[in-house]
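Worksheet: one structure, shown below.
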Amino acid sequence: MQQKYSKFLKWFGVLSTLGMLLILQGGALVTKTDSGLGCGRNWPDCNGSLIPKEITTEVLIEFSHRVVTGSVSIFILILVVWTWRSLGHIREVKFLGFLAIFFLILQALIGAAQVLWGQGDFILALHFGISLISFAAVLLLTFIVFETDSKFDTERIFMSKKLKIHTICVTLYSYIVVYTGALVRHTDSSLVCPDWPFCRNEEPFAIPYNMYEWVQMGHRFAVLLFVIWILYITVYVVRNYKNQRVIYWGWVIAMSLVVGQVLAGMLVVLFKLHLLVSLLHSLLITLLFGLLCYFILLVSRAK
């Protein structure tokens, strides 16, 4: 009976994690299609009614995002209570549950405030990052649920102090990269630079002309440092942690994701904000941030 119970909890964790991915991708879709006011200055109703009477593309995107967010929020609440009751003896479970609920509510309130009153670009850019924290918490809860049976032996992991420090710092830095990327979109700076990797390839070392170019090139520079840092850690891990598969393959995957992220960012510029490429860009950074947060969990358990 306990094994069946655990199986259901696993499936529920997977569905909750996928639901959080839908929330993040839906929010990205709302932003990238400028559908944030598809329901007007109304929340939680849409253009004055609970179910929108007139369906346009913007209304459909915004209203669907609200429905998905509300539905998944119920899933997350159930998952948190379920894991607290069945896995509460594991030290990280209650803290991760609190993070999942708190930041899910916070991102919903920021979204509602944007609809009702509007927000400055620098505040609104926090929205995606706040959702990322909730996603990461749900993802880690799901990992912990699966660890109860699959035994990844994470309690026996050894990490040097050097690797621990780099893991924590690069994860914190990744949040800065995420914020600068969100700022690019919310300040409409995505296409201010027509070329890649420089703003104008014929003037590679020219100083940005205006605030929008500073935002765009600032994000690209932040990404460059991020890639170099991930590469350095991956090389270090490949040389020294071949006997610890979770760490070894985890950083190899992280390197693959960051390369994919850079290529997607390049294609966003070259393809002039193509929607599918833009959503892929958001998806890759979401998965990478979740993986980095898992490394933080390993750091807390490592000897």
Any side-chain heavy-atom pair of His65 and Ile23 under 4.5 Å: yes
Side-chain contact test, heavy atoms from C-beta onward, threshold under 4.5 Å: evaluate it for Lys53 versus Asn47 and give yes or no. no
Would you say Leu231 and Met255 make side-chain contact, with heavy atoms under 4.5 Å? yes
Working to the nearest 0.5 Å, report the span between OG of Ser282 and CD of Gln25. 5.5 Å
Quick check for you: to the nearest 0.5 Å, what is the distance between Ile90 atom CD1 and Leu96 atom CG? 10.5 Å
Measure from the side-chain N and O atoms of Gln107 to the backbone N and O of Ile130, and report whether any donor-acceptor pair falls under 3.5 Å. no
Any donor-acceptor pair under 3.5 Å linking the side chain of Thr56 with the backbone of Val59? yes
List the steps, then state whether side chain to side chain contact (heavy atoms under 4.5 Å, CB included) holds for Leu99 with Ser134. CA-CA 6 Å; Leu99 289 182; Ser134 184; over 6 Å; no
Test item: Leu87 and Leu9 side chains (from C-beta on) under 4.5 Å apart, heavy atoms: yes
Distance-minimising heavy-atom pair for Met20 and Ser131: CE-O, 3.9 Å
Spell out, as yes or no, whether a donor-acceptor pair under 3.5 Å connects the side chain of Ser256 to the backbone of Val252. yes
Same apolar cluster: Met217 and Ile228, side chain cutoff 4.5 Å: no
Between Ile157 and Met159, is any pair of side-chain heavy atoms under 4.5 Å apart? yes
Short N-O contact, Asp45 and Arg66, less than 4.0 angstrom: no
Taking Asn201 for the side chain and Trp196 for the main chain, is one N or O donor matched with an acceptor at less than 3.5 Å? yes
Test Phe128 against Thr286 for side chain to side chain contact (heavy atoms under 4.5 Å, CB included), laying out the working first. CA-CA 10 Å; Phe128 183 74; Thr286 299; 3.6 Å; yes
Return the CZ to OH distance between Phe289 and Tyr175, rounded to the nearest 0.5 Å. 6.5 Å
Going through the checks in order, is the side chain to side chain contact (heavy atoms under 4.5 Å, CB included) test met by Ile144 and Glu92? CA-CA 9 Å; Ile144 288 174; Glu92 300 93 354; 4.0 Å; yes
Kindly say whether Leu297 contributes a backbone atom to a donor-acceptor pair with the side chain of Ser300 at under 3.5 angstrom? yes
Are more than 12 heavy atoms, taken from residues, nucleotides or ligands other than Arg239, located less than 6.0 Å from that residue's CZ atom? no
Return the orientation label for the Phe75 and Phe12 ring planes: parallel under 30°, perpendicular over 60°, tilted otherwise. parallel
What class does the angle between the rings of Tyr294 and Phe143 fall in, given that below 30° is parallel, 30 to 60° is tilted and above 60° is perpendicular? perpendicular
Interatomic distance, Thr180 atom OG1 to His219 atom NE2 [nearest 0.5 angstrom]: 5.0 Å
Do Tyr241 and Leu163 come within less than 4.5 Å of each other through their side chains, counting heavy atoms only? yes
Note: Ala100 and Val138 closest approach over all heavy atoms is CB-CG2, 3.8 Å
What I want to check is whether the side chains of Tyr236 and Ser160 have a donor and an acceptor closer together than 3.5 Å. yes
Is Ile207 reachable from Val192 through a run of I, L, V, M, F, W or Y residues, each pair having side-chain heavy atoms under 4.5 Å apart? no
Rounded to the nearest 0.5 angstrom, the CG-CG distance for Leu288 and Leu132 is 10.0 Å
Shortest non-hydrogen pair, Ile61 vs Ser35, comes out as CD1-OG, 3.7 Å
Closest contact, heavy atoms only, Leu284 versus Ala264: CD1-CB, 4.2 Å
Leu29 and Leu279 have their tightest heavy-atom pair at N-CD2, 3.9 Å
Could you tell me whether Arg200 and Glu213 have a side-chain N and a carboxylate O separated by less than 4.0 Å? yes
Which heavy atom of Gly97 sits nearest a heavy atom of Trp84, and at what distance? CA-NE1, 3.9 Å
To the nearest 0.5 Å, what is the distance between CG on Leu18 and CZ on Phe135? 8.5 Å
State yes or no: do Val67 and Leu21 share one hydrophobic cluster built from I, L, V, M, F, W and Y residues joined by side-chain heavy-atom distances below 4.5 Å, directly or via other members? no
Would you tell me whether Gln114 and His127 have side-chain atoms, one donor and one acceptor, within less than 3.5 Å of each other? no
Using modelled atom types and a 3.5 Å cut-off, is there a donor and acceptor pairing between side-chain atoms of Thr83 and backbone atoms of Val80? yes
Joint cluster assignment, Val269 & Phe198, ILVMFWY side-chain distance < 4.5 Å: no
Side-chain heavy atoms of Ile51 within contact of Phe63, under 4.5 Å: yes
Counting neighbours of CD on Glu54 that are heavy atoms of other residues, nucleotides or ligands and sit closer than 6.0 Å, is the number greater than 12? no
Is it true that a side-chain atom of Arg185 and a backbone atom of Lys32 form a donor plus acceptor pair closer than 3.5 Å? yes
Check whether Phe146 and Leu140 end up in the same hydrophobic cluster, where Ile, Leu, Val, Met, Phe, Trp and Tyr are linked by side-chain heavy atoms less than 4.5 Å apart. yes
Between Trp251 and Phe295, what is the ring plane arrangement, given parallel below 30°, perpendicular above 60°, and tilted in between? parallel
Measure from the side-chain N and O atoms of Glu62 to the backbone N and O of Cys39, and report whether any donor-acceptor pair falls under 3.5 Å. no
Between Thr31 and His186, is there a side-chain heavy-atom distance shorter than 4.5 Å? yes
Going through the checks in order, is the side chain to side chain contact (heavy atoms under 4.5 Å, CB included) test met by Ile168 and Leu172? CA-CA 6 Å; Ile168 294 171; Leu172 294 175; 4.2 Å; yes
Does a sphere of radius 6.0 Å around OH in Tyr212 hold more than 12 heavy atoms from other residues, nucleotides or ligands, not counting ones at 6.0 Å or beyond? no
